[in-house]
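Written out below as structure tokens is the structure these notes cover.
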2 protein chains.
Amino acid sequence: MELSCRTEYALLALLELAGHYPQAEPLQIRQIAAQQQIPERYLEQLLATLRRGGFVQSQRGAKGGYLLTMEPWKITLLDVVNCLEGAEARNRKEAVGTLARIAPTLESVVVDEVWQEVYETMRGVLQGYTLQDLCEQRDSRRQMNIMYYI
Amino acid sequence: MELSCRTEYALLALLELAGHYPQAEPLQIRQIAAQQQIPERYLEQLLATLRRGGFVQSQRGAKGGYLLTMEPWKITLLDVVNCLEGAEARNRKEAVGTLARIAPTLESVVVDEVWQEVYETMRGVLQGYTLQDLCEQRDSRRQMNIMYYI
DNA sequence: TGCAAACCCCAGTGGGGAATGGGAGTATAC
DNA sequence: GTATACTCCCATTCCCCACTGGGGTTTGCA
């Protein structure tokens with residue numbers, strides 16, 4: 001359960017794609033990166049992860065780019081976080097609590113239980129939001145900003 | 001909001017100390033490390049952080065060691081996490097979402113809002129447990145284990 | 001067919017967390 | 001008063017994440 005830079009960038013990219021859904025025109029890495037101020041080459045890697053996770057499909061060649069493969073209301077934030085956290089051979093991450101500990105102590109078991117509960121509540125919150133939800137929040141916030149400047 | 005190895009180790013050490021509260025005899029790093037299977041020299045640094053945070057006091061010299069400075073039911077897990085996460089010049093950690101971004105985009109603001117909500121729920125859970133609570137859970141679990149082996 | 005635009009793969013660099021090590025400081029024990 | 005048993009502080013090593021770079025491959029278009 002990371003909520004790191006990685007995850008935020010990926011989420012921003014997906015929001016950008018969701019904003020254009022279901023347009024047939026793919027969005028290019030460069031456009032997304034510029035729009036969301038994400039390092040271009042880094043975003044490239046994150047999009048590869050999202051592609052392997054089945055969230056986006058890519059179109060190579062000139063006029064290529066990325067497209068959402070699912071409807072924005074079917075993708076929860078938890079799905080995205082899971083995709084980026086569990087991505088490919090993040091082998092060591094699960095063992096963060098049982099780090100090189102042969103026999104877990106009673107105390108460590110109790111602490112782990114609390115942490116499982118914490119993670120569970122995190123998952124609960126993250127599962128409550130879809131890309132669609134965030135897009136709507138963005139739109140209403142955009143309206144607010146326009147109102148503000150009048 | 002880390003929930004990293006650091007925090008778990010510190011928590012285990014505090015639990016060990018809380019188990020002996022309010023004994024006048026200080027516990028040594030070596031004992032805690034052996035009991036909880038924590039690298040000795042690393043635990044040393046974490047205890048320094050806890051000392052600076054006011055959770056423990058140290059006694060130097062022979063027969064020295066560490067003691068809790070507060071009652072175990074007055075220390076919440078959130079207190080501990082805050083102490084270790086916010087410890088000394090972790091200056092960059094707050095800006096993890098606004099990483100080198102001059103003008104935050106609308107999308108990043110929306111994402112940050114969700115993440116604040118996630119962190120808030122985490123804090124809620126962590127604030128609901130004190131060292132005392134975990135000690136009691138450990139004790140009852142110990143009873144269970146004894147029953148199991150009969 | 002040629003070429004540029006775009007994705008794709010792999011190999012590095014820099015900083016921070018997770019340790020590890022060598023001493024210096026300080027209190028008790030004899 | 002010296003030895004001993006601890007804490008304390010500084011520096012170093014190792015690995016992962018955030019990021020950069022150099023190619024290579026696929027595709028659309030003139």
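Each chain gets a letter, A, B and so on, in the order the sequences are listed, and its residues count up from 1.
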Practice item. Mind running side chain to side chain contact (heavy atoms under 4.5 Å, CB included) on Leu67(B) and Leu17(B) for me, showing each step along the way? Key: CA-CA 7 Å; Leu67(B) 287 169; Leu17(B) 290 170; 5.9 Å; no

Check your understanding: Under the side chain to side chain contact (heavy atoms under 4.5 Å, CB included) criterion, do Glu113(A) and Gln137(B) qualify, and how do the steps go?
Key -> CA-CA 10 Å; Glu113(A) 276 182 8; Gln137(B) 283 187 32; 3.9 Å; yes

Point to revise | 5' precedence on DNA chain C between Gln59(B) and Arg30(A) (nearest-nucleotide basis) | key: Arg30(A)

Check your understanding: Looking at side-chain heavy atoms only, is the closest gap between Val114(B) and Leu77(A) below 4.5 Å?
Key -> yes

Review point. Side-chain donor or acceptor of Gln45(B) under 3.5 Å from a matching atom on the base of dT20(C)?
Key: yes

Revision key, fill the gap. The nucleotide from dT28(C), dC29(D), dC9(C) with an atom nearest the side chain of Arg41(A) is dC9(C)

Study note, to complete from the structure: Of Tyr42(A) and Gly64(B), the one whose closest nucleotide on DNA chain D sits nearer the 5' end is Gly64(B)

Check your understanding: Nearest-Å distance, CG (Leu47(A)) to P (dC9(C))?
Key -> 13 Å

Practice item. Check Ser108(B) against Glu8(A) and note the closest heavy-atom contact, atom names and distance. Key: CB-OE2, 4.1 Å

Point to revise | Distance in angstrom units between Glu8(B) CD and dA19(C) C1', rounded | key: 16 Å

**Study point:** For atom CG of Leu84(A) and atom C1' of dC17(D), their distance in whole Å
**Key:** 13 Å

Practice item. Round to the nearest Å and state the distance from Ile29(B) atom CD1 to dT20(C) atom P. Key: 14 Å

Review point. Taking CG from Leu43(A) and P from dC7(C), how many angstroms apart are they, rounded to a whole number?
Key: 9 Å

Exercise for review: Answer yes if the side chains of Glu136(A) and Gln132(A) hold a donor-acceptor pair under 3.5 Å, and no otherwise.
Suggested key: yes

Review point. Over how many whole Å does the gap from Leu27(B) atom CG to dT7(D) atom P extend?
Key: 10 Å

Revision key, fill the gap. Separation of dG28(D) atom P from Lys63(A) atom NZ, nearest Å, is 12 Å

Review point. For the side chain of Ser4(A), counting heavy atoms from C-beta on, which of dA19(C), dT27(D), dA18(D) is nearest?
Key: dA18(D)

Check your understanding: So which nucleotide from dA19(C), dA5(C), dC9(C) ends up closest to the side chain of Glu44(A)?
Key -> dC9(C)

**Study point:** side-chain N/O Tyr9(A) vs dA18(D) OP1/OP2, d < 4.0 Å
**Key:** no

Practice item. Check whether any side-chain N or O of Ser58(A) sits under 4.0 Å from OP1 or OP2 of dA6(C), and answer yes or no. Key: no

**Study point:** Interatomic distance where CZ belongs to Arg51(B) and P belongs to dT7(D) [whole Å]
**Key:** 11 Å

Check your understanding: Where the side chain of Cys5(A) is concerned, which of dC8(D), dA18(C), dC19(D) is the nearest nucleotide?
Key -> dC19(D)

Study note, to complete from the structure: CG of Leu131(B) to CZ of Phe55(B), rounded to nearest 0.5 Å, is 8.5 Å

Check your understanding: Is the distance from OP1 or OP2 of dC8(D) to the nearest side-chain N or O of Tyr66(B) less than 4.0 Å?
Key -> yes

Check your understanding: Among dT28(C), dC9(C), dC8(D), which is the nearest nucleotide to the side chain of Arg52(A)?
Key -> dC9(C)

Point to revise | Which nucleotide in dC8(D), dT20(C), dA29(C) has an atom nearest any side-chain atom of Arg60(B) | key: dC8(D)

Point to revise | Minimum-distance nucleotide (side-chain atoms of Pro39(A) versus dA18(C), dT20(D), dA5(D)) | key: dT20(D)

